[in-house]
Peer 1: 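Take a look at this one; I'll ask things after.
Order of listing sets the numbers, starting from 1, for every ligand and every atom in it.
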Amino acid sequence: MSGIYLHIPFCKQSCSYCDFYFVTRTGEQPDFVESMVREIHSYADTDFVNEKVETLYIGGGTPSLLSTEQLEQLMEAVRDTFDTDIRETTIEMNPDDVTKEYLDALRDMGINRVSMGVQSFNPELLKFMNRAHDRQEALKCLELLSKSGFQTFTVDLIYGNPGQSLEELEDDVRELLQFDPPHVSAYSLTIESGTRLGKQVELGRLTPPEDDKVSDHFMLLNELLSNAGVYRYEVSNYSKPGHEAIHNSNYWKHHNYIGMGPGAHSFWWEQDALAERWNNKADLRNYIKFKQTANRDNITEEKDNLSRLELSEERIMMGLRTREGITLKEMEERYGYLFGERQIEYLRKRASEGKVNLTKDGRIVLTDIGIVIADAIILDLITLH
Ligand code: SF4
């Protein structure tokens with residue numbers, strides 16, 4: 001089973017923290033859609049179509065800037081080209097694009113999951129993030145979404161903003177919980193160089209919050225969401241039972257996926273062969289030429305081959321960030337990775353501190369205390385191999 005990711009690289013304006021690939025010009029949308037249809041079709045004669053496609057994720061950028069007709073064209077191209085048995089089709093949306101008619105049309109075309117980029121309801125924070133929507137639009141879109149009959153939906157929140165108090169975070173979470181979201185993705189603000197916030201930090205105009213403060217935010221979020229029956233199943237993802245994201249969960253388990261559109265990544269691993277990872281160039285103008293040339297080499301960058309050890313370490317990193325964790329058996333059978341004595345000793349020690357659960361049948365899971373310092377535990381563990 002594999003997944004498909006379509007990257008729609010258009011945004012109304014540039015959010016201050018964002019380091020995804022996007023452009024704020026929208027005149028190129030028709031050409032882009034033509035190119036993307038062509039790129040999807042270009043997979044028709046490849047081995048990639050032999051694996052059934054289980055999930056489709058339309059992300060960005062802002063996919064909700066495309067018309068429903070354009071989205072339908074892309075979905076049709078996927079169905080025509082790949083062997084599909086799609087259980088989950090997600091589209092990312094921004095609150096300022098939501099109307100009842102648009103939501104109804106998305107649902108009617110088979111999209112069954114909406115990911116809404118709310119981030120906050122606090123007017124000051126929305127301004128700080130330079131989001132295109134305001135508080136009223138955030139409330140209105142969730143009102144419409146919660147009544148729209150989608151099988152499931154998810155809402156993005158950002159916490160750990162400079163100057164954000166615990167009370168402000170609590171207000172954001174309580175406002176969100178009024179709409180009974182089945183799934184929430186909550187990210188602590190990361191300030192990347194090259195973003196507007198990154199530049200402000202370099203100029204000394206902004207100080208990122210301290211780690212302790214961010215941990216307090218994380219603990220509060222956990223508590224408020226789990227009290228509402230929305231449980232953490234990955235460090236940034238929470239859901240009601242049965243509403244976990246299939247597409248993203250598959251990334252963490254090294255399932256295969258093809259990413260299309262400028263800047264999209266792909267991963268393919270046939271057992272007994274080397275795993276491959278490649279990405280499309282993050283360049284819309286170049287991508288648009290694909291509609292004439294249809295030469296995939298012109299839009300992709302070099303491929304990386306990943307060794308078993310690299311894959312094992314990635315799996316440990318991604319798996320230990322999830323509620324399921326990893327098992328010694330899976331690591332040995334799928335990756336040929338054996339945990340050494342020093343690693344087991346380290347895990348026992350962390351278990352005695354209440355940071356790790358290490359079960360008799362060899363499952364390793366980080367506890368609520370351990371997950372706060374997941375990166376440090378994972379790094380120690382990998383280094384001790
Ligand atoms: S809408 Fe999303 S992709 Fe676009 S700039 Fe904002 S965060 Fe980045």
Peer 1: Does the ring center of Trp268 lie less than 6.0 Å from the ring center of Tyr43?
Peer 2: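 Judged by ring-centre distance (under 6.0 Å), Trp268 and Tyr43 do not meet the cut-off.
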
Peer 1: Whether Arg107 and Asp104 form a salt bridge (side-chain N of Lys/Arg under 4.0 Å from carboxylate O of Asp/Glu) is what I want to check.
Peer 2: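 Salt bridge between Asp104 and Arg107, a charged N being under 4.0 Å from a carboxylate O: yes.
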
Peer 1: Can you list the residues that meet the side chain to side chain contact (heavy atoms under 4.5 Å, CB included) rule with Glu167, with sequence neighbours excluded?
Peer 2: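 So Glu167 forms a side chain to side chain contact (heavy atoms under 4.5 Å, CB included) with Ser165.
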
Peer 1: Can you list, by chain and residue number, the protein N, O or S atoms under 2.8 Å from atom 6 (Fe) of ligand 1?
Peer 2: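 Atoms qualifying: Cys15 SG.
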
Peer 1: Just grab all the ring pair (Phe, Tyr, Trp, His ring centres under 6.0 Å) pairs involving residues 219-242, residues at least two apart or on different chains.
Peer 2: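 Only His183-Tyr233 qualify under ring pair (Phe, Tyr, Trp, His ring centres under 6.0 Å).
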
Peer 1: Note the single closest protein heavy atom to atom 3 (S) of ligand 1, along with its residue, its atom name and the distance in Å.
Peer 2: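 Checking every protein heavy atom, the shortest distance to atom 3 (S) of ligand 1 gives Gly61 N, 3.2 Å.
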
Peer 1: Applying the side-chain hydrogen bond (donor to acceptor under 3.5 Å, both in side chains) test to Asn280, which of His265, Glu301, Glu39 qualifies?
Peer 2: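 With Asn280 as partner, His265, Glu301, Glu39 yield a single side-chain hydrogen bond (donor to acceptor under 3.5 Å, both in side chains), made by Glu39.
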
Peer 1: Do Thr359 and Asp361 meet the criterion of a side-chain donor-acceptor pair at a distance under 3.5 Å?
Peer 2: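 Yes - a donor-acceptor pair under 3.5 Å links their side chains.
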
Peer 1: Suppose I only count heavy atoms of Tyr17 and a 4.0 Å limit; which atoms of ligand 1 are within that range?
Peer 2: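 Going through ligand 1 atom by atom, the ones under 4.0 Å from Tyr17 are 7 (S).
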
Peer 1: Taking side chain to side chain donor-acceptor pair (under 3.5 Å) as the test, write out the residues that go with Asp19, two or more places apart.
Peer 2: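 Side chain to side chain donor-acceptor pair (under 3.5 Å) list for Asp19, sorted by chain: empty.
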
